[in-house]
Structure formats: structure tokens, C-alpha cells
Asks: 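Structure below; questions to follow.
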Amino acid sequence: MRTNIFWLYIIFFILQSSQINSDDRIFIDQKGYLPNAAKFVLVAQPADSFKVIESSSNQIVFREKLNRWQTNDPATGLTINKGDFSDLTTSGHYIIDVPGVGKSFEFLISDSVYLDVYHKSLKGFYFQRCGVDLTTEYAGVYSHTKCHTTDGIFHSTTGLTGFHEALAGWHDAGDYGKYVVNAGVTVGTLLMAYELFPERFNQDNLNIPESGNGMPDLLDEVRFELEWLLKMQDQNGGVYHKLTREQFAGFILPQRDTAVRYIYQISSTATADFAAMLARASRIYQSFDPLLSQLCLAAAEKAWQYLEAHPNIIPSGGFQNPSGTNTGEYGDGQDFDERLWAAAELFVTTGNDKYHNYFKDNYRASGLINSPMGWQNVKALALLTYLTGNHSAINPTVHSQIQGSLINYCQTLVNKRNQSGFHVLLEPGEYFWGSNSHALNKAILLIIAYEKSKNPDFYNTALDQLHYLLGVNAHRLSFITGIGDKSVRNPHHRPSAADNIAEPVPGLLAGGPNQYLQDPILKTHFNSSTPPALCYIDHVDSYASNEIAINWNAPLVFVSGYFANISGSTNVQTGDAAVPRKIQLFQNYPNPFAQTTTIAFHSDIPQNIQLKIYDLLGRIVIRETLSASQESTNRFEWDGRDQLGKAIASGLYFYQIESAQQSETKKLIYLNRSNSK
């Protein structure tokens, strides 16, 4: 009885912790909702109805009953009522009023409601850059001079001595270390987002130093990490595990962290992750920077040669911090999944049979898709690469098996969502270190499954995970810094704690509830009887619940970017047909281009589309009739040749798609690097 009283007090404390007490029992997405997607409000208080009020006019635009959703939710202990306002599709700013309970935060209904989340979460990687000046032009008040300019010194575990230049890359988390293994799932997730949905992730206006260079800013940002990764490879092909101090730095700004930073021994997990990242990068950057593409592929294949020469895990038993070192370990006792991922990426990039055979011989070990990816288990990335890869040699039976396992697993996720008080894909036991990213990685699987099956339950369940992070959680908190009316203010993040600026660096995702209470702050405030979803505190010293990390921000970029640019291929709502958008044209990628470029467009109905490309004088360069498929992204590859197959001159051109009802036009730039064709 005493333990029940304790956690009920905790619930009361959390629900009463906001400054606007009347609202504390109303849970909504603090950013808002897509017009044609499902929308709901949760209320942790007896009530029978709610109203939606348009903010500027104060007019009631929608009213509906509340229904019991969950009684004694296992993750929170709360009894929750739910109201559905999916039928409200008009864009605008709104507030929910629950008579007898209070009013919600203001929220937005808009097609672009998540664009701010996407931009800030991607820009968060810029703020993690190491070894360069973050200038006020791009970093604003969070600017600082270059840091860690002496990276790094070989640790004795490498068997080498002296200095090895390893500048650039991202600070891994709330500390200033740089870790190859955690870069693996991070870079893999970001590159997968671009490769699967280039029209959603091709923006070039993030306001980073590379913006406007014709390469999507997501790829610019990943390239900054790749430049560091390439420096972490030994001549024998193996890859050093990490670059850190021996002990974590205090809460100081990065440029004041002048302790010696060491490069630690080679590990096979780092080497295989490296091979996978660089192989994928090779095929993606080929259209933007052929030289970088070649460097990446050569490095990836060299890493695979090291793995072939060392078939057992290196070091024996997996990497462990040596005596005297207490920074992040990223230890893993087996490297099967990393090797499988490397083989999948190298096969899709090269088509080489040895990579393909390795994948086919090993892909079924430990089952197919039955869990999301994480730094310690990248098997899902390996299987997704094969499932979504574009290569004629892909085995249709293997492909079908992987897709079937993805669909089946995602159906279990939908069932779990339906049993969760806050629609989150976290059950008791899964509220561990970085739980928020665990939910997001499941959302990525749901998004890919939706694209394969068009099951709207997958779409909406994925979107629910974004709602959870943006306020539909027991803490009524946006877990993303700088997003929402009530968001994380005190992350375990050294720059945010040391810069004397009240607001933390924006766009960073906090780890989230941790029921295992793995830091002293959590142990002080909670105990083993506390419902798992409540084991979170917005405190700078709670590194086990309130730290930030690049591998947590990466799935946030993927999911928020997917839903921020919904015109790319989807516009669904619960069980109903969406309002037709007819056709929409996207910016070509890459742009400018010298070899080939992709022109992508969306059509809500099957129809014939006229594509025209013409010069500044209005002369038709090429005209094509394309058969557009319904509710998917249609693509046309163009190599800069006219209707007669002759290469055109460098310059600015216009491209236009036209249906029976509408037309859209955009610009592209072609760079003809050949003088005679």
C-alpha cells in the first residue's frame, strides 16, 4: 500500500509541475497535426466532452465526446480519456477546451506543421560539429571558436605512438567524445532517409556553411562526419573504435576542453559499421562528388578485407575500456549484425557476388525483422538495405521474406499502440536509456512498411511516436529542446550547460524515461515502484534520462522530415481517402548536376503526365509522356541530352510537368563538363 501511495504522489507531482495548472491533465502535440491525418486529445481527468476553439476568433469550430481509452495504463498508472477530432482538417491555430478540466496549449493544423521540428533536429548536428568555428552567422548566440584541434594521440591499446590528425566529425552526445560505432547507426539512418525519400530531404537552406552549394544540407552534414571517419581507418583496413579523453570533461565549453584525447584500438564492430556507412555513402554521393564516392568505396572495401582476415570479433570479447578510461564504451560482445550490414551495403553498391553470398548465407541468423535498429544491433539496417536496395541481382525470395517479416512485425507494433495509454510503442521494460529513440526507430520501420503496403495503421502509428515526443506523454513535455511551449530546458549537454544562455541549444532530443534509474538524480526522485514512463526528470545531471545523442537525433530527423514533407508521397487519414492534391513537382536532385539528375513528382491518381524541359528562350529540349502511378513518388532520370541524344550546353533550364488539370514548373542547372560529345 505504501508503494502505491508513493507512485501516485509521483503522478500528482508530474501533473502539477507546469505553471499552467488548469491544463496539466490535457495532452496534445504541442506543434500540432497534419490536416488529413488522425488527431486526438488525451485527458487524464474525469470529463465527458471537449471543444476545439480557433485561436484568433475564439470561436468553437468542433466539439465531441470523450471516451475512456485506458484504465490504469501499465506504463503510467493513469486512467485516460480520449477525444478524436480527425474531421477537423482546416489549417489554423487552435486550443482545446475540456469543460471542468482546462485548456490545452495552442497548436497548429498545417501541412508544414513538422517542418520546424525537422529543420531544428537536422541543424542540431551542426551544433555538434567538432574542430571548426561555429560562427554567429550560422550558430547565432551558440557560436564558439574551434575546439579539440589536437585530435588525437594514439592510445597504448593501438600499439602505436604519437599524433594522428583526426579532426572534424560530431561530438557524440552530451560529452565531447567521438565514437565510430555510434556514428554507424547515426549515419546509416540519415543516409537511408535521403536514399529512400530524396524529394523529402533535398532542402539546401538550413543555414549551415554549405547551404546553397547544390548538395542537400543533410548530405553536407553527413559529409562532415564522413571526413572524420575516413581518418579513423588504419592502413590495414581496420578502424579505430573511438577518440576521447580518458575521463569525461566537466561542464565546460568545447574550446576549453584541452585535455589529451586518445585514439583507441581497432574493433571489428567499428570496422564493419564503417564499411557499411562508407559503402552506402559511395552510391549516394556519386552524383554530387564522384571523388568522395570513390574514396568511400575504396575505404569500405578495405575495411571488408580486414574483416575477412579477422573472422572473429576484435578485440576478443568485444571492445572494453582499458584501465584508466571511463568515457563511453559502446562495447558489443558480437559483431554478426555489423558484418551483415556491411555485406548488404557493399552488395547493393557494387553488385559483387562475394558480398551478396555472405548476406544470403547469414541473413536468417537470429530471425528477420523482429526489433528496431540501435547502435548495438544494426541487423534491421542490413535487412532494410536489402529490402529497399536497387539492384537487379536481389533475390526475390529473400526480398519477399524480409518484406513479410517487416509487415508482420509492424502489425504487432500497431497492436501495442492500441494498448498504450499514450499511443507510444514502449512497454514496461522498454523504458531504458534512450527510450525515446527506441520509439522513433520503430516509427522508421512503420514508415517503410507503410510505403510497401499502404496500410494507414502503419502511417498513423508512426506519426503517433512524433506526437508522443511533442507532448502526448505523461510529462506533458516536448522532449525536443526549443520545440513547443513546454520543452526540455536542462539537457545533459555540456555546451548548453556552460554557455550562460538560458535556452539550451535547440533541436536536440532528450533520451527520455529510464525505469532502470541509472544515475543518482533518478535514484533520488524515483524507485522501483514508480511506473516506468514517469522515471524522467528535466535535470542537467540526469545523464540516464536527459542526455542528448546523435543516434537519438538521427531517427528524429528521419521521422520528422518524412512527415514535414508529406506531399512527397503520402496524405492519409484514418481509414478514409485523402483530399486529392492531383500532381506536385519536386526540386530535381542533384542540382546543379553534371551527369544525371532525378525529376520527381507525385500524382494522386493514375494518369499520363507530360514532362517538358526547355531553355531560357522557351525552346523545347526534351518532351516525354510519363505514366504516373497513384499515391507514390514518380521519377524521371535525365542525363542532360536533348530529344536527339545530343548533350546540351551548360546553363539554366526549366522543367515542367502537366496533366489535364494543372501544370507546375521549376528550374534546374546543368553543368556540361565535356567539350565534345
Side-chain angles (χ1 to χ4, degrees), residues 191 193-205 212-220 281-294 348-349 388-392 565 567-569 582-603 606-630 632-660 662-677:
L191 291 181
Y194 179 80
E195 189 168 30
L196 296 186
F197 308 109
E199 66 279 0
R200 297 172 188 261
F201 293 95
N202 68 351
Q203 297 84 356
D204 195 20
N205 59 353
N213 67 355
M215 182 185 293
D217 283 337
L218 183 149
L219 297 185
D220 282 321
S282 175
R283 62 178 183 268
I284 291 175
Y285 286 88
Q286 204 281 328
S287 297
F288 298 97
D289 189 334
L291 178 59
L292 175 63
S293 173
Q294 293 168 16
V348 173
T349 299
T388 61
N390 181 21
H391 198 285
S392 59
N565 296 286
S567 56
S569 65
K582 298 182 181 175
I583 61 172
Q584 181 165 4
L585 180 63
F586 306 111
Q587 186 62 50
N588 66 302
Y589 59 91
N591 186 47
F593 76 101
Q595 295 178 338
T596 62
T597 191
T598 300
I599 296 171
F601 62 93
H602 171 84
S603 175
Q607 58 182 318
N608 288 331
I609 299 292
Q610 287 287 323
L611 169 68
K612 302 175 185 176
I613 300 175
Y614 50 96
D615 62 19
L616 288 171
L617 298 178
R619 295 174 297 193
I620 297 292
V621 174
I622 191 169
R623 184 200 310 263
E624 295 284 343
T625 299
L626 307 176
S627 179
S629 58
Q630 183 179 7
S632 65
T633 300
N634 301 269
R635 297 180 175 90
F636 175 76
E637 302 287 335
W638 187 47
D639 60 1
R641 296 180 181 273
D642 64 16
Q643 208 78 47
L644 300 177
K646 298 175 59 177
I648 62 173
S650 297
L652 176 67
Y653 292 83
F654 299 90
Y655 62 101
Q656 178 186 75
I657 59 170
E658 184 176 15
S659 69
Q662 66 182 110
S663 66
E664 290 195 27
T665 303
K666 289 185 179 294
K667 302 174 184 177
L668 60 79
I669 297 174
Y670 175 61
L671 303 176
N672 187 340
R673 294 177 180 172
S674 173
N675 293 324
S676 59
K677 283 195 177 181

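Atoms considered below: every heavy atom in the structure, side chains included; atoms not considered: hydrogens, waters and symmetry mates. What you see is a predicted model; the values in this text were computed from it and never measured. Here, residue 1 is the first one in the sequence, and each next residue gets the next number.
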Asks: List the residues meeting side-chain contact (heavy atoms from CB on, under 4.5 Å) with Thr665, not counting sequence neighbours, and say none if there are none.
Replies: Tyr614, Phe654, Gln656
Asks: Who pairs with Glu195 by side-chain contact (heavy atoms from CB on, under 4.5 Å), at least two apart in sequence or on another chain?
Replies: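 Applying side-chain contact (heavy atoms from CB on, under 4.5 Å) to Glu195 gives Arg280, Arg283, Ile284.
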Asks: Could you tell me whether a side-chain N or O of Gln203 sits under 3.5 Å from a main-chain N or O of Leu218, the two making a donor and an acceptor?
Replies: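 Between the backbone of Leu218 and the side chain of Gln203 there is no qualifying donor-acceptor contact (under 3.5 Å).
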Asks: Kindly compute the distance separating CD (Gln286) from CG (Leu292), expressed to the nearest 0.5 Å.
Replies: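 Separation between the atoms: 10.5 Å.
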Asks: Please identify each residue that fulfils ring-ring contact (aromatic ring centres under 6.0 Å, His included) with Tyr285, with sequence neighbours left out.
Replies: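 Not a single residue meets the ring-ring contact (aromatic ring centres under 6.0 Å, His included) criterion with Tyr285.
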Asks: Determine whether Phe601 and Leu626 make a side-chain contact, defined as any pair of heavy atoms from C-beta on separated by less than 4.5 Å.
Replies: yes
Asks: Distance from Asn591 atom CG to Asn202 atom CG, nearest 0.5 Å?
Replies: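 Interatomic distance, Asn591 CG to Asn202 CG, rounded to 0.5 Å: 9.5 Å.
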Asks: Inspect the contact between Arg619 and Asp615 and indicate whether a charged nitrogen and a carboxylate oxygen are less than 4.0 angstrom apart.
Replies: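 Between Arg619 and Asp615 there is a salt bridge, with a charged N closer than 4.0 Å to a carboxylate O.
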Asks: Can you tell me how far apart CD (Glu624) and CD1 (Ile609) are? Round to the nearest 0.5 Å.
Replies: 13.5 Å
Asks: First locate atom OG1 of Thr598, then atom CG of Asn634, and finally report the distance between them rounded to the nearest 0.5 Å.
Replies: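 With rounding to 0.5 Å, OG1 (Thr598) is 12.5 Å from CG (Asn634).
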Asks: Restricting to side-chain contact (heavy atoms from CB on, under 4.5 Å), what partner residues turn up for Thr625, sequence neighbours left out?
Replies: Asn608, Gln610
Asks: Which residue is it: Ile599, Ile613, Ile669? I am looking for the one with a side-chain contact (heavy atoms from CB on, under 4.5 Å) to Asn588.
Replies: Ile599
Asks: Do Leu191 and Leu219 have side chains that approach each other closer than 4.5 Å (heavy atoms only, starting at C-beta)?
Replies: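 A side-chain contact under 4.5 Å exists here.
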Asks: Shortest non-hydrogen contact from Arg635 to Pro198?
Replies: NH2-CD, 3.7 Å
Asks: For a 4.5 angstrom cut-off between non-hydrogen side-chain atoms, does Asp204 reach Asn213?
Replies: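 Heavy-atom side-chain distance check passes, below 4.5 Å.
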Asks: Looking at every heavy atom in both Gln643 and Arg623, which two are closest together, and how far apart are they?
Replies: OE1-N, 2.6 Å
Asks: Looking at every heavy atom in both Leu652 and Leu668, which two are closest together, and how far apart are they?
Replies: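 Closest heavy-atom pair between Leu652 and Leu668: CD1-O, 3.4 Å.
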Asks: Ignoring hydrogens and angles, tell me if any N or O in the side chain of Asp642 forms a donor-acceptor pair with the backbone of Ile648 under 3.5 Å.
Replies: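 Not at all, since once roles are kept as given, no pair shorter than 3.5 Å links the two residues.
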Asks: Any chance you could measure Phe636, atom CZ, to Tyr655, atom OH, to the nearest 0.5 Å?
Replies: 12.5 Å
Asks: Measure the spacing between CG of Asp639 and OH of Tyr670 and express it to the nearest 0.5 Å.
Replies: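 Asp639 CG to Tyr670 OH: 7.5 Å, rounded to 0.5 Å.
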Asks: Can you name the ring-ring contact (aromatic ring centres under 6.0 Å, His included) partners of Tyr653, sequence neighbours left out?
Replies: none
Asks: Checking the side chain of Asp217 only, and the main-chain atoms of Asn205 only, is there a donor and an acceptor separated by less than 3.5 Å?
Replies: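 Here the side-chain-to-backbone pair exists.
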Asks: Please name all residues satisfying side-chain contact (heavy atoms from CB on, under 4.5 Å) with Pro590, sequence neighbours left out, ordered by chain then number.
Replies: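 Listed in chain order: Ser287, Phe288, Phe593, Thr597.
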Asks: Are Val348 and Asn390 side-chain neighbours, meaning at least one heavy-atom pair lies under 4.5 Å?
Replies: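 No, their side chains stay 4.5 Å or more apart.
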